[in-house]
Amino acid sequence: MTGAIGRVAIGLALALSCYGVIAAVVGGLVRRGAEAWRASARGAACAVFLLYAVATFAMVYALVTHDFSVKYVAQVGSRSTPLFFTVISLWGALEGSILFWGFVLALYTAVVATGGRGQARGDLQRTYATATLLAVTAFFSLLLAGPADPFLPVSPVPLDGPGPNPLLQNHPLMAVHPPLLYLGYVGFSVPFAFAVGALLAGRDDEGWIRESRRWTIVAWGFLSAAIVAGMWWSYEVLGWGGYWAWDPVENASFMPWLTATAFLHSSMVEERRPGMLRPWNLSLVVATFLLTILGTFLTRSGIILSVHAFAQGPIGKYFLGFIAFALIFSLALLAARSDRLGRGRSRLDSAFSREAVFLINNLLLTAFTFTVLLGTLYPLVAEAVRGVKVSVGAPFFNRMTVPLCVAILFLAGVGPALPWRAGQLAETGRRLRLPAAAFLVTAIGSIVLAGTRDPYAVLAFGFGAFALVANVAEFWTGTRARRRASGEAWPIALVGLIRANRHRYGGYLAHIGVVSIAVGIAASSTFRQEIEATVRPGEAVELGAFSVRFDRIWGREEPQRFVVGANLSVFKDGRPAGQLDPRLNFYRSSEQALTTPAVQSRATGDLYVNLLAFERDGSSATLHVIIEPLVPWIWIGGGIIALGALIAAWPESRRRRLIREAAQRPARPAVPAGGAEGERAAAPVAAGGVEP
Amino acid sequence: MSRRLLATALALLLLQVPAPAAGGASQEQQGAPADSALEAAVRAVASQIRCVVCQGLSIEDSPTDLAREMRQLVRDQLAAGKTPEEVKEYFVARYGEWILLDPPARGFNLTVHVLPILGLVAGAVVVGVLIRRWTRAPAEEGGADAGETLP
């Protein structure tokens, strides 16, 4: 019954999303009755979302009630799995994750279709954007109706199932990482849709960039948080004391992040100088979307082995076809509109300006993406060309990308200190004096005091301090100026400053988060100390300032697994510093024991202990003890980035919007004649007016 | 305590879990500060070699038993006087080129090593040319030709 409801909902969603595409396109083309067609497309988008909500709820219900007549439940369900992990196994395997993807996409589609204030509500760009999103939804509905049908009936109905992949039920972060990832990944469909919408509508003003940029910030914020949550999961579950392995699917999530980051910067140039870089910005948005689909293809087709690869199946061909279609469609559209795209004034007042730094930033981020893409796909290419299996892993990626990371850190400090248009050497030098001092102190300190020998690590710490000080200084000088003008207290002035220009300060906050992550990664890979030892009860493993005493082994039966743990007492500099209990989990459905490392976090770093093996009579345990300097700052950095994105993406209050629009009106005399459809005068955000 | 241990043992028997090896090869790095040069060499080689049962982790990073044995193999060979290159060749001879996480830079593999650098250089040239052109553009309405904005 539940299965039937789900299948009907998906079938209707497929039909309605196809109808919605047609209605929107007709509503965009016809002269008479256009509004009725467009309204109908909006209605279809809302209905599709409701149908996806029904289907998703039906699946959760089937999982919770252990309805093994539903194929997906028979695959991932088990009566012994705790409720929490049963619910989140919705995204634990192929079909469920596609269903969840469709749900998130339908949500975004409904929000876009019904969004926009006043005349922007049903304008041509938004109508075509809705059509684009509905077309992508139709593709996912097609997958769910055919090759990835999660509601397929099973006969005979099994009494119990194997349960979700043990890796996915070993840590609560599995409830966080995938939904964030989908919100981010799927979210990039929206800027893509607005780009396609603008191209189809033939708009040659910069209105598209406002919507694309806002939605990119939303998706980018989710994706940033998702990537960091995934790193944390890897650290807490896989037991190797690391968080990033350049696994193909990690790369797949990272590539759209890189191109979206590039767009967030280059789009500011277009906002300020209408038309400039537009073909490039459109290409970045299209590339970001295609990279998300490519990433899904890599994960879901089983073409590349990885922790994330679910299963081999026919679904790969569908994705390949979809990527090819979307690529050709986008390129054809860009080519068809190329006559309108180059009209902007491409001019720089000076090579010594923020615009120029953004161009270099884009160069580095694009080169970064290209390197990761090449490294990820090379094993496939090599096998096709040479017939030999090769691996491309961490040593390659680190060697290739660490120099780029260091250069990007440097730019994250230079950019905020340089003004738009043209910088003065003396003025910029004055603003960079303090960051440069921070660079010198940190770089020399890391060599002399900490004994860093790797030049890239020295540069990472140095430029990290440089960028941190440069970005914090922006908050400091802004707050100070505001305080002088208004006499507000510090915290009120700070909040007022951020509220007055959320994009800018959200961005600086994101920079600070990136610095935090970069420094955490550099420190933990440079100064990591580890030891592996077998100890008897009462004996201790010594590492650095820590002494970890093995007390005893214990075991516990749980419904879905058997847990063996070691009780450890930690001493730091000879004084008691808490208890740890690393565990090994033996799942019925898995031969390999899964680890649950025990982690003790401090601001200076983590003490990470993994139980590798034990004697069954409890006479000994083999422990892997790692000191991981500054690792918690990676997770904190992820939180800071998410906060920055939240501040930047937070909807503007009505009052502020009216004030801003009133302020902009005289600056932009008239809406260009080409932009019919009653576009808003979406001017570049108060050009110049925000600079101190 | 003893009941728990019994439960552990029973569970392990029931689950047919192979008893994890304790002792034996597990005294890695203990009491061997004198060999820190050897250990550094082991780390350097081990981080280049792929753990055959993991997803893209090196045997240096992997916590599995097999990776530990492979690491020991690396250590033994280096201690016996083999060069890092010879140790890598030993693994390639057994597992194929796939075992190396950084594909050797020769033949067709050069593409993956050289293309990113070529791409960066080409991009830098393009950006340099664009910045030059755009800073020289006349103050009013510079981009009449579409090609100008296409990086």
Side-chain angles (χ1 to χ4, degrees), chain A residues 239-240 242 245 247 276-280 305-307 338-339 341-348 350-351 356 359-360 363 366-367 370-371 374-375 378 385-386 388-396 400 531-534 554-555 557 562 564 586 593 610 612-618 620 622 624, chain B residues 1 4-5 7-9 11-12 15 17 19-23 26-30 47-48 50 55-58 61-65 68 96-103 107-109 111-112 115-116 119-120 123-124 127 130-132 134-135 137 139 141-143 145-151:
Chain A
W240 58 289
D247 174 286
M276 183 162 169
L277 292 184
R278 178 165 309 152
W280 176 244
L305 283 179
S306 106
V307 200
S338 63
D339 55 328
L341 290 175
R343 293 227 186 110
R345 281 172 297 156
S346 300
R347 204 168 63 76
L348 289 172
S350 161
L359 288 179
I360 301 168
L363 166 68
T366 313
F370 178 60
T371 306
L374 199 67
Y378 182 70
V385 174
R386 296 173 54 207
V388 176
K389 277 190 192 297
V390 299
S391 304
V392 179
F396 171 85
M400 289 296 199
I531 187 167
E532 209 176 285
T534 302
W554 53 267
E557 178 95 52
F562 192 85
V564 177
F586 300 90
N610 201 14
L612 292 177
F614 57 92
E615 218 36 82
R616 287 181 191 178
D617 60 4
S620 77
T622 304
H624 189 193
Chain B
M1 168 93 184
R4 274 191 177 154
L5 281 175
T8 310
L12 291 178
L15 292 162
V17 178
S26 61
Q27 292 291 338
E28 278 189 67
Q29 298 179 21
Q30 235 195 351
S47 61
Q48 303 270 324
R50 183 175 190 143
Q55 308 284 11
L57 284 187
S58 68
D61 286 331
S62 167
T64 60
D65 294 341
R68 197 180 321 158
E97 209 177 303
W98 177 83
I99 200 74
L100 299 178
L101 281 170
D102 198 354
F108 184 69
N109 282 351
T111 50
V112 77
L115 272 184
L120 181 66
V127 168
L130 285 177
I131 289 180
R132 256 177 89 91
W134 287 342
T135 47
E141 203 53 58
D145 46 332
E148 246 187 18
T149 51
L150 274 166

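Letters A, B, ... mirror the listed sequences (proteins, then strands); counts begin at 1. No experiment lies behind these values; they were computed from the predicted model shown.
At least one donor-acceptor pair closer than 3.5 Å links the side chain of A:S391 to the backbone N or O of B:W98.
For B:S47, the part lying under 4.5 angstrom from a heavy atom of chain A is the backbone only. The contact between B:T111 and chain A is made by backbone and side chain atoms together, counting heavy-atom distances below 4.5 Å. Interface remark: A:V392 contributes backbone and side-chain atoms alike to the contact with chain B (heavy atom separation under 4.5 Å). Using a 4.5 Å cut-off between heavy atoms, B:L57 contacts chain A through its side chain alone, with no backbone atom that close. Contact of A:V388 with chain B is made through the side chain alone, with heavy-atom distances under 4.5 Å. Heavy atoms of B:V127 lying under 4.5 Å from chain A belong exclusively to its side chain.
When all heavy atoms of B:T135 and A:S350 are compared, the closest pair comes out as CG2-C, 3.7 Å.
Residue B:W134 holds its CH2 atom at 5.0 Å from CG of A:L277, rounded to the nearest 0.5 Å.
In terms of heavy-atom pairs under 4.5 angstrom with chain A, the leader among B:L100, B:L120, B:N109, B:I99 is B:N109. For the set A:T371, A:L363, A:N610, the count of heavy-atom pairs under 4.5 angstrom toward chain B peaks at A:L363. Chain A forms more heavy-atom pairs under 4.5 Å with one residue of B:P63, B:S62, B:A124, B:G123 than with any other, namely B:P63.
Counting only heavy atoms from C-beta outward, the side chains of A:T366 and A:W280 approach each other to under 4.5 Å. By the 4.5 Å heavy-atom criterion applied to side chains, B:E97 and A:R386 are counted as neighbours. Side-chain contact between A:M400 and A:L374 is absent, with no heavy atoms from C-beta onward closer than 4.5 Å.
Note on ring orientation: taking the six-membered ring where Trp is involved, the planes of A:Y378 and B:F108 are parallel (angle under 30°, cut-offs 30° and 60°).
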